[in-house]
Amino acid sequence: MGVKKYNRCVFALLLATMVFPLSSMRVSAADVSVHASIDSLALWMGEQTRVRLRVAQDEGEKVWLLPTFSDTLVTGIEILEVSRPDTVKLGYDRLQIDRSLLITSFDSGFFYIPPFRYLVGDDTLSTEALSLKILPMEVDLEQSIVDIKNVRAPSSAWWLLLWDNMPLWGWIVLIVLILIAVGIVLYILYKKRFSHPAEPVAPEDLLPPHEKALLALSQLRDKKLWQEGREKEYYTHLTDILREYLLGRFGIQAMEMTSSQILAILRSHAEAKLMNRQMKEILEMADFVKFAKMRPAPDDNEAAMRNAITFVEETRPEEKPEEKEGEKGGTAAEDTSGKETQSAAPEEKKEASADDTSESDWEKYGFSNKHRL
C-alpha cells in the first residue's frame, strides 16, 4: 500500500506540473489574437494579390512576427512588397496592427502557405494556413509562333537628352525664358486686340449733316441713275441720304423706320413740320418705284431731287448770332478799305438776298464746291 500511495503522489505531482503551465499559457495568449487572410484564392500567372495579417493585442504588449520576409514566401510564390505596420486603436487599451504582403507567381499549380507565427513573451501563436491556386495562361495554338523582339536602341530625341543631361540651373533659365516669351506674346495680342489704330476719317464725315446731305445728293445726281433706267437704285440712294440726314440733324432713327413712321414723326416735329409735304412726295414715289415697280416720268425724278434739296435747305440749322456778327465784322473791316465799294454794295446785297434760294445753297454745298474738301 505504501508503494501505491507513493506512485499516486508522484503521478499527481507530474500531472500538476503539466496542467498548470498549459493553463498559464492560455491566459497569456488569450489577450492576443492573430489572423491571416488572402484577397484572391486563384490567380492567373503573373497576377498579383495581397496576404493580410492582423494582430489584436493590449497596449504595451510585445508581439513579434517570427519569420523575416525575403523575396520568397514559399517556393513558387514571390513577395513583391511588404507594407509597414498600420496601428489602429480599438479602445479599452486595445490595439490592432495590420500588415500586408503583395505576392505573385509565375508557376502554375496549387500552393500551400503555412501559418504565420507570432511570439508573445514565451508563447507562440499561429494564424490560419492559406492556399493559392495559380492558373496557367491560355495559349492560342492557332496563331503562329512570334520570335522575341530585338533590343531597342535608346531614343535619341533631343528632349530626352535634355531631360537627362540639363542641370537644375539650366531648367531655371529655360523656365524664365519661356515665361518671358509668353509675356511678350500676350502683350502683342493685347496691343492688337485693344490698341487699334484710328481709322482715317473721310472729309465728308466732318461736314455738318445738311452739307453732307447736299454733297451726297449732288453726287447722286451726277451718277445719272434714272437716265440709265435704274430708277429703283436711284430712289433707294435718295431715301437713304434723307434718312441719314434725319438721323444726324434731328436724331430720328429713320434708317429702321417705314415711310409712314417717318412722316408721323415729322408731323409732330416743330422744325420739320412745314416741310413734311416734300418728304411725303419723295417717300411715296420711292415706295411706288421699289415695291410697285412703277417707272416715273423724268419730271417726277427731277422733282424728287428738288424736293430733297429743298427739304434739306429748309430744315438746316440756323446760324448762331456770334457767327453772323463775326461775318459782319469781317465784311465791315474789308469795306473800310474803300468807301466806294461800300457805296456800291447796297444793290449787290439786295440781289444776293433775293437770290438766296435753294438753288444758290445747292451750288454752295453741292457739286460746284465739293472739290475743295
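Here the structure is a predicted model, which is why all the values come from computation and not from measurement.
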TODO: Count the heavy atoms belonging to other residues, nucleotides or ligands that lie under 6.0 Å from CZ of F111, then report whether that count exceeds 12.
DONE: yes
Open item on the list: Could you measure the distance from the CG atom of L130 to the OH atom of Y112? Nearest 0.5 Å is fine.
Closed with: 8.5 Å
Task: From CA spacing to verdict: side chain to side chain contact (heavy atoms under 4.5 Å, CB included), S108, M45 - done: CA-CA 7 Å; S108 61; M45 293 175 57; 4.2 Å; yes
- [ ] Using a cut-off of 6.0 Å, state whether more than 12 heavy atoms not belonging to Y187 lie near its atom OH.
- [x] no
Open item on the list: Could you check whether any side-chain heavy atom of D222 comes within less than 4.5 Å of a side-chain heavy atom of S218, counting everything from C-beta outward?
Closed with: yes
Open item on the list: Do L41 and L132 make a side-chain contact, defined as non-hydrogen atoms from C-beta onward lying under 4.5 Å apart?
Closed with: no
- [ ] Check side chain to side chain contact (heavy atoms under 4.5 Å, CB included) between K224 and all other residues, then give those that pass, not counting sequence neighbours.
- [x] Q227
- [ ] Look at atom OH of Y92 and say whether more than 12 heavy atoms of other residues, nucleotides or ligands are closer to it than 6.0 Å.
- [x] no
Task: L283 with L247, same ILVMFWY side-chain cluster at under 4.5 Å - done: no
- [ ] Taking the side chain as every heavy atom from C-beta outward, state whether T87 and Q96 have any atom pair closer than 4.5 Å.
- [x] no
- [ ] Measure the shortest side-chain to side-chain distance between M305 and L217 over non-hydrogen atoms and say whether it is less than 4.5 angstrom.
- [x] yes
Open item on the list: With a sphere of 6.0 Å drawn around CD of E256, does it hold more than 12 non-hydrogen atoms of other residues, nucleotides or ligands?
Closed with: no
Task: Pairwise distance CZ(F106) to OG1(T104) - rounded to 0.5 angstrom - done: 4.5 Å
Task: Any side-chain heavy-atom pair of V32 and Y118 under 4.5 Å - done: no
- [ ] List in chain and number order the residues that pass salt bridge (Lys or Arg N to Asp or Glu O under 4.0 Å) with D39, two or more places apart in sequence or in another chain; answer none if no residue qualifies.
- [x] R52
Task: Heavy-atom check, side chain of L246 versus side chain of L266, under 4.5 Å - done: yes
TODO: Step by step, work out the side chain to side chain contact (heavy atoms under 4.5 Å, CB included) result for N301 and Y235.
DONE: CA-CA 9 Å; N301 297 330; Y235 280 95; 2.7 Å; yes
TODO: Find out whether D240 and M255 are in side-chain contact, i.e. whether some heavy atom of one side chain is under 4.5 Å from a heavy atom of the other.
DONE: yes
Open item on the list: Testing the basics here: between I79 and V82, what is the closest heavy-atom pair and its distance to 0.1 Å?
Closed with: CG2-CG2, 3.7 Å
- [ ] Please name the pair of heavy atoms, one in P85 and one in I97, separated by the smallest distance, quoted to 0.1 Å.
- [x] CB-CG2, 3.9 Å
Open item on the list: Counting only heavy atoms not in K290 (residues, nucleotides, ligands), do more than 12 fall under 6.0 Å from its NZ?
Closed with: yes
TODO: May I ask you to test the E81-R50 pair for a side-chain heavy-atom distance under 4.5 Å?
DONE: yes
- [ ] Can you see which heavy atom on E231 is nearest to which on R295, and at what distance?
- [x] OE2-NH2, 3.1 Å
